[in-house]
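In what follows, a single structure is set out as structure tokens and then discussed.
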Amino acid sequence: MAGKTRAVKRGKASYFMSILGVTLVLFLLGVIGWLVINTRTLGQHFKEEVEVNVYLREPLAASDSTALVQYIASRPYIKEYVFTTKQMAKAKYLADGNESWEGILTENPLPQSIDFKLKSEYLNADTLKNIRLDLEKQTYVTEVTYPELLVGGLDSKISVLNWILLGVSILLLLAAIVLIDNTIRLAMFSNRFIIKTMQMVGATRWFIAKPLDIRAIINGAISGVIAIVAVYALIRVLINRVPYLNTIQDNTQLGLLFACMLILGILITLVSTHTSVLKYLKKKLDDLY
């Protein structure tokens, strides 16, 4: 009875270490996955924050400015736009810390403009050049400006960062599979004599493997749920500290990431457990010592 009690305790300890090891690996994998998701979303957000300024000739009748605004608003690349009057331009100029020209100039020298942001798929150097050419053909447009250096390097920088994170994710996934597999095999090592004893008394492979496989599924699910809760708690802490992250959070992709973590935990745990059982069933009793 004492030997059986010790075996049960060893089994519980091995299961605990198995759950803990799988949870830690899944947690790390989930954090990297979240970074990958948000890097792409963050890149799209940065693209859609680039502003294009369309400066207008003067004098400009209200009907002409309305027609031009309607023309720009109808373009498929427009995400959002605003018509900036001379008074609004002055207020923005002063808000940026510039000195007022009052007492030097009698009239407001700042032009009216239509300022807009593009949808992310349209933000590349060639498309913006075509947009500029089209708008500068309009009668009341004097100049179209946008941060050319930023646009030129934004795609390449985002692409490099995405590839780096993707490479890290793949390496981490492979490492996770190996680490989880080794963790499960170590946990199964303590059960090798139980497995062999059941085989010696006539139990079939399915009869022996079934309870262990069920336990593996449960342990994998527990590990996945704990890792998901931990990753979600970390995300909430980061969002509370940096509220901006909440604006780029993609809940659909986050849900898919959590589902993948859960499935991965169950799948790797189950496969590793089942292969370990088969390995011990094939060995001779003397080889287990």
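Cluster annotation: V141 is not connected to Y55 through the hydrophobic network of ILVMFWY side chains, with a link wherever side-chain heavy atoms come within less than 4.5 Å. Tracing side-chain contacts under 4.5 Å through hydrophobic residues (I, L, V, M, F, W, Y), one never reaches L171 starting from F27; they form parts of separate clusters. Under the 4.5 Å side-chain heavy-atom criterion for Ile, Leu, Val, Met, Phe, Trp and Tyr, Y232 and L26 are members of the same hydrophobic cluster. A continuous path of Ile, Leu, Val, Met, Phe, Trp and Tyr side chains, each step under 4.5 Å between heavy atoms, connects V225 with M261, placing both in one hydrophobic cluster. Residues L35 and L28 are members of one and the same hydrophobic cluster, defined by side-chain heavy-atom contacts under 4.5 angstrom among Ile, Leu, Val, Met, Phe, Trp and Tyr.
Side chains of I19 and S223 form a contact here, defined as non-hydrogen atoms less than 4.5 Å apart. Between N53 and V144, every side-chain heavy-atom pair lies at or beyond the 4.5 Å cut-off. A heavy-atom distance below 4.5 Å is found between the side chains of T84 and S113. Residues F83 and S65 are in side-chain contact: their nearest non-hydrogen atoms beyond the backbone lie under 4.5 Å apart. Side-chain contact between I37 and L254 is absent, with no heavy atoms from C-beta onward closer than 4.5 Å. The shortest side-chain heavy-atom distance between F258 and Q253 does not fall under the 4.5 Å cut-off.
Ring geometry for F116 versus Y77: interplanar angle of 30 to 60°, hence tilted.
No donor-acceptor pair closer than 3.5 Å links the side chain of K79 to the backbone N or O of K117. Within the 3.5 Å criterion, the main-chain N or O of P109 finds no donor-acceptor partner in the side chain of K90.
Annotation for Y81: atom OH does not count as buried by contact number, only 12 or fewer foreign heavy atoms lying within 6.0 Å.
Here the options are L128, I78, I72, T145, the test is side-chain contact (heavy atoms from CB on, under 4.5 Å), and the partner is V52; only L128 passes.
Apart from I263 itself, the hydrophobic cluster it occupies contains nothing, where clustering links Ile, Leu, Val, Met, Phe, Trp and Tyr at side-chain heavy-atom distances under 4.5 Å.
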Report task. Assess whether side chain to side chain donor-acceptor pair (under 3.5 Å) is satisfied between N124 and T127, documenting all intermediate values. Result -> CA-CA 6 Å; N124 59 73; T127 301; 2.9 Å; yes
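With respect to the salt-bridge test (charged N to carboxylate O, under 4.0 angstrom), the residues K92 and E51 qualify.
There is a side-chain donor-acceptor pair under 3.5 Å between Y71 and D134.
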